[in-house]
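Here is the structure we will look at, set down as structure tokens.
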Amino acid sequence: MPERARIDHDAVKPRRGGGKRGEQLQVPEAEFRSYYGRPIIKAPVWKNPDVPLYLFLGGLAGSSSVLAAMAGVTGRPTLRRAGRIGAAAGALGGTVFLVHDLHRPRRFLHMLRVFKPTSPLSVGTWILSPFATFAAATAATEVTGWFRRTGDVTGVAAAALGPALATYTAVLFSNTAVPTWHEAHRHLPVLFGSSAAVAGGGFGLVFASVRDNEPAQRLAIAGACTELAIEKKMEHDLGLLADVYEKGRARTLMTASKTCLVAGALGALVGRRRRWSAALSGLALMAGSALTRFGVFDAGIASANDPAHIVVPQRERIARRQASTQTSTTPPDRAFA
């Protein structure tokens, strides 16, 4: 037999589908790659640090307004004063960062021309505007001592809008196409709400007297425990999408956040009655809350720039849908009558 007609049996192996013999694969299995390695979706153009600071200050303002209203009812004047000033400062500061991110102040005013319930940004604008008005009026009456009854009414109005202000940004993030944010739509509202509670409680510990700061301590500790727990659950439930929290800048920020939260909660628990200890604990808690917002923001940007975060979850959903379709039973003909 001629040499070229001979078969090299070392290069032959059984096919995957049965017992027949065929040629050995010489090309490795294909790996996922996007078109020229470019991101599939465009990352948000929101500015850093404008947007993370807006998230932090909005949460601080919302929780501080609720804490101030509770302090007013229970007769804690220094905590009431701290909460009212914190609510006003957070709302006004957050508005400044938001307008700066929009590049032009008139864009913020244009968003007030229409109320669109299906748009989280539109709803958030209509939450922020009246809240900032009520909080500023309440703080003005607290500082000047004029129209105190009016300040009590506007303080209650601000407290009614406070929880919505603290959590609507989570809905705004979840409504985007960023995979890590969108897939965490059940976790982000709880995470942002608990982080807001940490910020407001920490602010109260810093500026209220030790005689009045017990509600701030309880709020901060409860918020820190909830935030640490929901953070852990979110990273577990995200699966592949959670890898952005395990590398790069987001990992550094989230690790620093957890350290500050644990240290601040322990300090508030054992050192609330010492002025210096309460103040340091409050600062650590506020730093932990701010770092969480920066970490979530950076993780979302990294997720948007990773093509695998778009395609792999889509393929998994398609595979689950096909599996459920194949295992489902065909309904009887009378169901189509």
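- Just one of R273, R275, R272 meets the side-chain hydrogen bond (donor to acceptor under 3.5 Å, both in side chains) condition when paired with N213; it is R272.
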Audit row: S209, T78, side-chain hydrogen bond (donor to acceptor under 3.5 Å, both in side chains) steps and yes/no: CA-CA 6 Å; S209 67; T78 59; 3.0 Å; yes

Derivation of the side chain to side chain contact (heavy atoms under 4.5 Å, CB included) call for L219 and V198: CA-CA 7 Å; L219 181 65; V198 171; over 6 Å; no

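- Rounding to the nearest 0.5 angstrom, the gap separating the OG atom in S174 from the NE2 atom in H187 is 10.5 Å.
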Worked verdict on F97 versus V51 for side chain to side chain contact (heavy atoms under 4.5 Å, CB included): CA-CA 7 Å; F97 284 113; V51 172; over 6 Å; no

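- Within 6.0 Å of the NE2 atom in H100, the count of heavy atoms belonging to other residues, nucleotides or ligands does not exceed 12.
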Side chain to side chain contact (heavy atoms under 4.5 Å, CB included) assessment of F294 paired with N48: CA-CA 8 Å; F294 277 90; N48 189 354; 3.4 Å; yes

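- Shortest non-hydrogen contact noted between V178 and G300 is CG1-O, 3.1 Å.
- Under a 3.5 Å cut-off, the side chain of S119 and the backbone N or O of K116 do not form any donor-acceptor pair.
- Judged by distance alone, with hydrogens and angles left aside, the side-chain atoms of T154 form a donor-acceptor pair with the main-chain N or O of G151 at under 3.5 Å.
- Annotation: cation-pi geometry not satisfied between R81 and F207 (NZ/CZ under 6.0 angstrom from ring centroid, within 45° of ring axis).
- Here the two rings, on F173 and W46, have centers that are under 6.0 Å apart.
- No donor-acceptor pair under 3.5 Å is formed between the side chain of E227 and the backbone N or O of L191.
- F115 CZ: more than 12 foreign heavy atoms inside a 6.0 Å radius.
- To the nearest 0.5 Å, atom CZ of residue F203 and atom CG of residue L67 are 10.5 Å apart.
- Expressed to the nearest 0.5 Å, how far CD1 of I301 lies from CG of D306 amounts to 13.0 Å.
- Checking side-chain atoms of T255 against main-chain N and O of T252 turns up no donor-acceptor pair under 3.5 Å.
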V296 and W181: CA distance, side-chain angles, deciding distance, side chain to side chain contact (heavy atoms under 4.5 Å, CB included) verdict: CA-CA 8 Å; V296 171; W181 294 344; 3.8 Å; yes

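- Although no hydrogens or angles enter the test, the distance criterion places no donor-acceptor pair under 3.5 Å between the side chain of S122 and the main chain of T118.
- Taken together through direct or relayed side-chain contacts under 4.5 Å among Ile, Leu, Val, Met, Phe, Trp and Tyr, M70 and L161 form parts of separate hydrophobic clusters.
- A donor-acceptor pair is defined here as one N or O able to donate and one able to accept, closer than 3.5 Å; such a pair exists between the side chain of T95 and the backbone of A91.
- In terms of heavy-atom proximity, A197 sits nearest to G223 at CB-CA, 4.2 Å.
- Closest heavy-atom contact between A158 and A135: CB-N, 4.2 Å.
- Atoms CZ and CZ, on F56 and R293 in that order, are 8.5 Å from each other to the nearest 0.5 Å.
- Note on K233 versus D237: salt bridge recorded, some NZ/NE/NH1/NH2 to OD/OE distance being below 4.0 Å.
- Although no hydrogens or angles enter the test, the distance criterion places no donor-acceptor pair under 3.5 Å between the side chain of H309 and the main chain of P179.
- Atom OH of Y54 is separated from atom OG1 of T169 by 7.0 Å, given to the nearest 0.5 angstrom.
- Here CE of M286 is found 11.0 Å from OG of S195. Values are rounded to the nearest 0.5 Å.
- S277 places a side-chain N or O within donor-acceptor distance of the main-chain N or O of G271, the cut-off being under 3.5 Å.
- The same ILVMFWY cluster, assembled from side-chain heavy atoms under 4.5 Å apart, contains both L98 and L112.
- In the hydrophobic clustering of ILVMFWY residues, with side-chain heavy atoms under 4.5 Å counting as a link, L102 and W126 come out together.
- Salt-bridge formation is not detected for the pair E246/R251: no Lys NZ or Arg NE/NH1/NH2 atom is positioned less than 4.0 Å from an Asp or Glu carboxylate oxygen.
- In this structure, L228 and K258 approach most closely via the heavy-atom pair CD2-CG, 3.9 Å.
- The two residues T167 and G193 come nearest to each other via the heavy atoms CG2-CA, 3.8 Å.
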Audit row: D152, R80, salt bridge (Lys or Arg N to Asp or Glu O under 4.0 Å) steps and yes/no: CA-CA 10 Å; D152 293 338; R80 182 197 65 204; 5.7 Å; no

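- Looking only at distances, no side-chain donor or acceptor of S289 sits under 3.5 Å from a matching main-chain atom of L285.
- Linking ILVMFWY residues whenever their side-chain heavy atoms come closer than 4.5 Å, directly or via other members, places L253 and L57 in the same cluster.
- Note on K47 versus D101: no salt bridge recorded, every NZ/NE/NH1/NH2 to OD/OE distance being 4.0 Å or above.
- Around CZ of R211, the count of heavy atoms belonging to other residues, nucleotides or ligands within 6.0 Å does not exceed 12.
- Of all the heavy atoms in C260 and A287, the pair that sits closest is SG-CB, 4.3 Å.
- Other residues, nucleotides and ligands contribute more than 12 heavy atoms inside 6.0 Å of the CZ atom of R107.
- Side-chain atoms of S303 come within 3.5 Å of backbone N or O of T180 as a donor-acceptor pair.
- When the side chains of ILVMFWY residues are joined at heavy-atom separations under 4.5 Å, either directly or via intervening members, L172 and L165 end up in a single hydrophobic cluster.
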